[in-house]
Number of protein chains: 2
Amino acid sequence: MPGDQKSSAASVDPEQLWLRPTEFRRGRRPSFSREAITEAAVALADAEGLEAVTMRRVAARVGAGVMSLYSYAPDKETLLELMVDHVSGELAVTGPPSGDWRTDLKTVAHLQRAHMLRHPWLPAALTTRRVPGPNTLAFLEHALAVLRPTRLDGAAKLEVFAQLTAFVAGHVAHEIAQAAAARSPERAAAEARYLAAVAADGHHPELAEALSAPGRPLTAEATFTRFLGRLIDGLDAD
Amino acid sequence: MPGDQKSSAASVDPEQLWLRPTEFRRGRRPSFSREAITEAAVALADAEGLEAVTMRRVAARVGAGVMSLYSYAPDKETLLELMVDHVSGELAVTGPPSGDWRTDLKTVAHLQRAHMLRHPWLPAALTTRRVPGPNTLAFLEHALAVLRPTRLDGAAKLEVFAQLTAFVAGHVAHEIAQAAAARSPERAAAEARYLAAVAADGHHPELAEALSAPGRPLTAEATFTRFLGRLIDGLDAD
DNA sequence: CTCATTTCCGTACGATGTACGAGAATAGAG
DNA sequence: CTCTATTCTCGTACATCGTACGGAAATGAG
């Protein structure tokens, strides 16, 4: 493979991934399943973070040999893709759109946020992964239905969904980092001391003022709702 | 370290990172420098992506032994942090705020977008990294100055900057993925075939319609500008 | 000089993703 | 039934990764 420029783009064949023939099989019966393996990987990521998801640990969790996993997914990248779509199955759609598409779209975003908070590895995983599986597509279908009352064309609707997802992922990544910092007081104190030192150097007057006049503390939820409102209420202006 | 829950949160001591004593030194004179090492790492990431940044390759690029790098950065995580801040030095601020803070803030976002497009590994790196270095702080200082005409309190201003950065990173990550897919026609065709197959299964009528009525193709720049406008013009409503 | 201090880096170790290929299990053909 | 093709299982092996360790080399202080 000459000039293999993988950069940071995922490279998984969607057809081989999602359109595998579930048909007739000769040979030995499978001892495990894609689902069981994916669930094990998700459980690991939920409990210990994405970097705990190693082929060895996943295999141990399902009781398989390491190399057996490769009968179900051609490589680890694919397994990550399976994980992302698997948890998207939890994005239970609450019913048909109400007709008030702005409210519906906000509900969609709030669902996504709760979902990503439950699986904190999702924002990082989504940065690269980009082949929508069946569960992701079901949710996308719902989002498109929500957008039907708008007069956006197809490409624009897809773009709105992608932007919304990116926005939620970005917000939740930040939210998670804040929460993690707060959970480790030693680290939080070190960071506070560092920022205080910077603010005291005289070269950052705006930062100094911002830190000294913090205002009321904002909940992450309130911040999210506010920015989401700005984003969505401004939509369809053209 | 009991209960080491690292999850996906970075864990670098900001004081040891950015407040190192550059003072008097006894012992042997350094043969390299943080800057040279960081630049080598950045060059690697720019050319071949984040995953090409290995200690061995960075060392080879600066002409050092692998373990010599550890005299300049305690671990790879720290080196990544250095990379992020190093490239932030390119975010040249164009001058004092004009007074029209909405326009200024849009300029800030456009600067960030161009910056991330020049260093496509940045969105992924920013998902985890969260200790602002001097260059990042200089840019933050500018952003805060831009927000001075608003009557937001300190915490709110910081939140606006974080959200804006997250939004830009999310958009650019998506933009990069699109561009990468377009650059590999084989992959793009496979994905198109896959989506067409899904749309043809009858269970995704909205998707089918969105794909069949794409509308005029949108440039990434235009999409960015549009969503950015929505986000910023809605600001300060309360 | 001596000695404390700092940098340099070869070697080595554990962990990772996965290529390879030998065995085991199963279904159809005869 | 036997034979053969097919499929799954997984132990072994390897390249590559981050980095711990410790000795050699260089430098400033006393």
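In the text below, chain A, chain B and the rest are named by the order of the sequence lines, each starting its count at 1. A quick note: this is a predicted structure, and the numbers were derived from the prediction, not measured.
Distance check: His171(B) NE2 to Thr223(B) OG1 gives 6.5 Å after rounding to the nearest 0.5 Å.
Proximity of a side-chain donor or acceptor of Tyr194(B) to a complementary backbone N or O of Pro132(A) within less than 3.5 Å is detected. Side chain of Glu191(B) to backbone of Pro14(A): no donor-acceptor contact under 3.5 angstrom is found. In terms of modelled atom types and a separation under 3.5 Å, the side chain of His204(B) and the main chain of Leu195(B) share no donor-acceptor contact.
End-to-end axis angle for the helix from dC1(C)-dG30(D) to dA22(C)-dT9(D), using five pairs per end and rounding to 10°, comes out at 10°.
Between Ser31(A) and dC8(D) there is no side-chain N or O to OP1 or OP2 distance below 4.0 Å. Contact annotation: Ser68(A) side-chain N/O to dC10(D) OP1/OP2 distance is under 4.0 Å.
For Tyr72(A) and dT7(D), the OH to C1' distance is 10 Å, given to the nearest whole Å. Here the C1' atom of nucleotide dC9(C) and the CD1 atom of Ile37(B) are 13 Å apart, to the nearest Å. Between the CZ atom of Arg28(A) and the P atom of dT7(D) there is a distance of 14 Å, rounded to whole Å.
Listed by first and then second residue, the side-chain hydrogen bond (donor to acceptor under 3.5 Å, both in side chains) pairs that reach into residues 57-75 of chain B are Glu48(B)-Arg57(B), Asp75(B)-Thr78(B), sequence neighbours excluded. For the salt bridge (Lys or Arg N to Asp or Glu O under 4.0 Å) condition, the pairs that include at least one residue of residues 111-121 of chain B, sequence neighbours left out, are Glu90(B)-Arg118(B), Arg113(B)-Glu175(B), Arg113(B)-Glu221(B). Under the side-chain hydrogen bond (donor to acceptor under 3.5 Å, both in side chains) criterion, no residue pair touches residues 35-45 of chain B, with sequence neighbours excluded.
Gly27(B) comes within 4.0 angstrom of a base, heavy atoms only. Looking at heavy-atom distances under 4.0 Å, Ala64(B) makes contact with sugar-phosphate atoms alone, never a base.
With sequence neighbours left out, the salt bridge (Lys or Arg N to Asp or Glu O under 4.0 Å) criterion links Arg34(A) to no other residue.
Side chain to side chain, His119(A) and Asp46(A) meet the donor-acceptor criterion of an N or O pair below 3.5 Å.
Here the side chain of Arg26(A) is nearest to one of dT26(C), dA5(D), dT9(D), namely dA5(D).
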Measure all distances between protein nitrogen or oxygen atoms and nitrogen or oxygen atoms of nucleotides 15-19 of chain C, and list the pairs falling under 3.5 Å.
| from | atom 1 | to | atom 2 | distance (Å) |
| --- | --- | --- | --- | --- |
| dG17(C) | OP1 | Lys76(A) | NZ | 2.6 |
| dG17(C) | OP2 | Met55(A) | N | 3.0 |
| dG17(C) | N7 | Arg56(A) | NH2 | 2.5 |
| dG17(C) | O6 | Arg56(A) | NH2 | 2.9 |
| dT18(C) | OP2 | Tyr70(A) | OH | 3.1 |
| dT18(C) | OP2 | Lys76(A) | N | 3.0 |

